[in-house]
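Computed from a prediction, not measured in an experiment: that's the story for all the values here. All heavy atoms count here, side chains included; hydrogens, waters and symmetry mates do not. Letters A, B, ... mirror the listed sequences (proteins, then strands); counts begin at 1.
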Amino acid sequence: MTTMTTTAPPVAKRVSPGATISQTMTLAWRSLVQIKHNPWELLDLSIQPIMFLLLFTYVFGGAISGSTGDYLQFALPGLLVQNALFYTLSTAIGLNTDITKGVFDRLRSLPIARTAPLSGRIIADTFKQVWAFLLLVGFGMILGFRVTTSVAGLVGALALLVVVALAMSWMSVVIGLKASSPEKVQMIAFSTMMPLTFTSSALVPSSTFPSWLQTWSDINPVTHLADAIRGLLIGGDVAQPALISLLWSAGFVLVFAPLAIRVFRRT
Amino acid sequence: MAYAIEAEGLVKHYGQTKALDGVDLVVPQGRLLGVLGPNGAGKTTAVRILATLLRPDAGRAAVGGYDIASESHQVRSLIGLTGQYAAVDEMLTGAENLVMIGRLLGLSRSASKQRANELLARFNLADAGARATKTYSGGMRRRLDLAASLIGRPQVLFLDEPTTGLDPRSRTELWEVVRGLMADGVTVLLTTQYLEEADQLADDIIVFDHGKVIASGTSDQLKSTTGAQVLEVRPLQEGHLDLVVQVVGDMVETAPETSGGKVTAAVHDPAVVPAIVRRLDELGVIASELTLRKSSLDEVFLALTGHRAEDEIATEKEEAFA
């Protein structure tokens, strides 16, 4: 210890690409290893969609579709969408918690890649997205849901949701960096995502909406995403709604990526 | 002399408020600079700028010879930072928190674990290493936070109010750790609201108020800048207190204060002391305690700023709870 100051190693000027990747993976590990100590967190992440699935299927299913089985087949793709969209905001919550607890400052005071704290968290959250998707589909199948297309359709649905979620994580970063507390983020998430998913075709056929709401529902990006996922899992038009969903995602990136980078540079 | 930290004319505004209003400071290698000041004086802003977390609006600074703006990555490889709150991941165990930092700094898996265990042992956390940090006490969190900032063997350490909110025992434990680091030759910049802490640890002290350095020097130099020594007289019989106030008041320029059965007064001319003693003797007042000492940093702070440091902390705490 006493020779520390005299044997100081040469100081690197910047972070190498290899080191950037390893730092990102370390920070992704950090977000995932918590699950080992707190398995309930995974359940937290899964219990809400499962509850929604059960409630919607058995409470509203008969009224909406005539039978719970028919409704399950219709609604599960929509619930997958709703859940994935909700979950993108967990990136914001995690980031905001790091900022309010001071962990973010600690990470930024280390000689690591500037982007590693963001990309590490987003990678971890993508893993959790995949987990939630598989869990919800698996549980749906126990209740009687059937993928009537193909395995490729299932993989395609997962891929599309991940792409959309990644695009939305830019918005999540902005909210996470700007919000004053994790509770605020939760409130923003609830008060935007809830109306968005409920005014789409995710959970009910929009044909029963009053005409003004139908007009909105046709614009609502959640409608297109839900239609695309439904098409991929149980058949129907895929190309058009998937394309519109991807265009929305691209729009999201165009607006929020520069904003996120600007906010990030300033903090 | 080589300076580990140099800052010149640092300015930082937040809207209308000037958090820093032209701050100059230097810390020679291997010394501990105590930055003393009440809440809101700009101490944390200064630390955040020097630790590359915040860009100053004006001014320049270098740490270990590297410019904080253009060579921030190099600066980050030399420094360790322990903030006001313990910046540890509550969901991870103590050991995992330290291993994470080790891995981020490029240590191998096994080297990270070894370094983590070493530091856990050094900070009396070996038994708690496998527990999630949300179960830790305040003192344990601070120690883990400090351990985390030492993983990379920093040459320059920023300690931003490391003992705020700690009980006296945890505070003295942390002081011991800081002394150990000093012995290892680490340069430390420590901010504190506690005058006693600066007095205990710092080689040099600067005093911040409203974003400006209003005084600097060693603890002894600061104590003598007010030009006064302090006379304390405690009469054996409490009934004689008023009499003592009168006698002392006649001999010194400033009005004496009474608290806890003791009369305290600033004395500019030590020659008045024998006179006071004679007068008290004539009146038959026996003093159980009579001392002439250098003014404490508390009194220096009061003289410099016109307000007491600790009072301000107390009111702010009350506001926080209101």
Side-chain angles (χ1 to χ4, degrees), chain A residues 1-16 18-42 44 94 97-114 116-117 120-121 124 182 265-267, chain B residues 4 29-30 47-48 51-55 64-66 71-93 96-97 99-106 109 112 130-132 134 145 148-149 151-156 158 160 180-181 183-187:
Chain A
M1 279 306 270
T2 43
T3 55
M4 180 167 64
T5 44
T6 50
T7 56
V11 176
K13 283 203 172 80
R14 59 182 63 82
V15 188
S16 71
T20 304
I21 292 170
S22 121
Q23 288 154 6
T24 302
M25 294 326 283
T26 298
L27 287 167
W29 164 83
R30 170 230 163 180
S31 295
L32 291 171
V33 77
Q34 314 179 342
I35 295 168
K36 203 174 77 189
H37 311 295
N38 189 11
W40 294 103
E41 202 211 336
L42 263 193
D44 268 0
T97 308
D98 274 358
I99 292 172
T100 47
K101 297 268 180 204
V103 177
F104 199 62
D105 272 355
R106 144 123 320 130
L107 295 178
R108 292 197 323 134
S109 76
L110 296 175
I112 61 172
R114 307 266 74 197
R121 179 164 289 285
R265 285 231 176 102
R266 261 200 218 149
T267 34
Chain B
Q29 212 147 43
V47 168
R48 287 176 57 86
T52 75
L53 296 178
L54 201 64
R55 275 173 189 272
Y66 293 108
E71 297 166 311
S72 51
H73 185 73
Q74 288 95 318
V75 171
R76 284 181 209 119
S77 352
L78 298 180
I79 62 168
L81 171 68
T82 289
Q84 272 187 48
Y85 24 54
V88 293
D89 188 332
E90 298 190 340
M91 305 299 282
L92 300 188
T93 66
E96 281 168 347
N97 263 293
V99 168
M100 173 182 82
I101 307 272
R103 297 285 290 150
L104 287 173
L105 293 175
R109 217 175 292 267
S112 300
R131 259 166 45 202
K134 65 181 167 198
D145 190 41
S149 60
I151 300 263
R153 303 182 194 275
Q155 297 175 22
V156 178
F158 294 100
D160 189 16
L181 291 169
D184 291 343
V186 177
T187 306

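Note: A:I112 CD1 to B:H73 NE2 = 9.5 Å, rounded to the nearest 0.5 Å. Once rounded to the nearest 0.5 Å, the distance linking OG of B:S72 with CZ of A:R108 reads 10.5 Å. Rounded to the nearest 0.5 angstrom, A:W29 CH2 and B:R103 CZ are separated by 9.0 Å.
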Requested in this report: Would you sort out whether B:E90 and A:T97 count as a side-chain contact (heavy atoms from CB on, under 4.5 Å), showing the intermediate values?
Outcome: CA-CA 10 Å; B:E90 298 190 340; A:T97 308; over 6 Å; no
Query raised in the report: Is there a side-chain contact (heavy atoms from CB on, under 4.5 Å) between B:N97 and A:R30 once you walk through the steps?
Result: CA-CA 8 Å; B:N97 263 293; A:R30 170 230 163 180; over 6 Å; no
Query - From CA spacing to verdict: salt bridge (Lys or Arg N to Asp or Glu O under 4.0 Å), A:K101, B:D89 - result: CA-CA 8 Å; A:K101 297 268 180 204; B:D89 188 332; over 6 Å; no
Query raised in the report: Do A:Q34 and B:E96 pass the side-chain contact (heavy atoms from CB on, under 4.5 Å) test, and can you show the C-alpha distance, the side-chain angles, and the key distance before you say yes or no?
Result: CA-CA 10 Å; A:Q34 314 179 342; B:E96 281 168 347; over 6 Å; no
**Report entry** side-chain contact (heavy atoms from CB on, under 4.5 Å) evaluation trace for B:D145 with A:R106
**Finding:** CA-CA 9 Å; B:D145 190 41; A:R106 144 123 320 130; 2.6 Å; yes
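Contacts with chain A were tallied for B:A148, B:A132, B:G30; B:A148 has the most, counting heavy-atom pairs under 4.5 Å.
Counting heavy atoms from C-beta on, the side chains of B:M100 and A:L27 come closer than 4.5 Å. When side chains are defined from C-beta on, A:R14 does not count as touching B:Q74, because their heavy atoms never get closer than 4.5 Å. Inter-residue side-chain proximity for B:V88 and A:V103 is flagged as unmet; no heavy-atom pair is nearer than 4.5 Å. A heavy-atom distance below 4.5 Å is found between the side chains of B:L105 and A:P111.
With A:L110 as reference, B:L104 is the one residue of B:L104, B:I151, B:L81 to meet the side-chain contact (heavy atoms from CB on, under 4.5 Å) rule.
For A:R114, the CZ atom is densely surrounded, since the number of other residues' heavy atoms within 6.0 Å is greater than 12.
For a residue to count as touching a neighbouring chain, one of its non-hydrogen atoms must lie under 4.5 Å from one of that chain's; by this rule B:T82 touches chain A with backbone and side chain alike. The contact between B:Y66 and chain A is made entirely by side chain atoms (from C-beta outward), counting heavy-atom distances below 4.5 Å. Both the backbone and the side chain of B:S149 have a heavy atom closer than 4.5 Å to some heavy atom of chain A.
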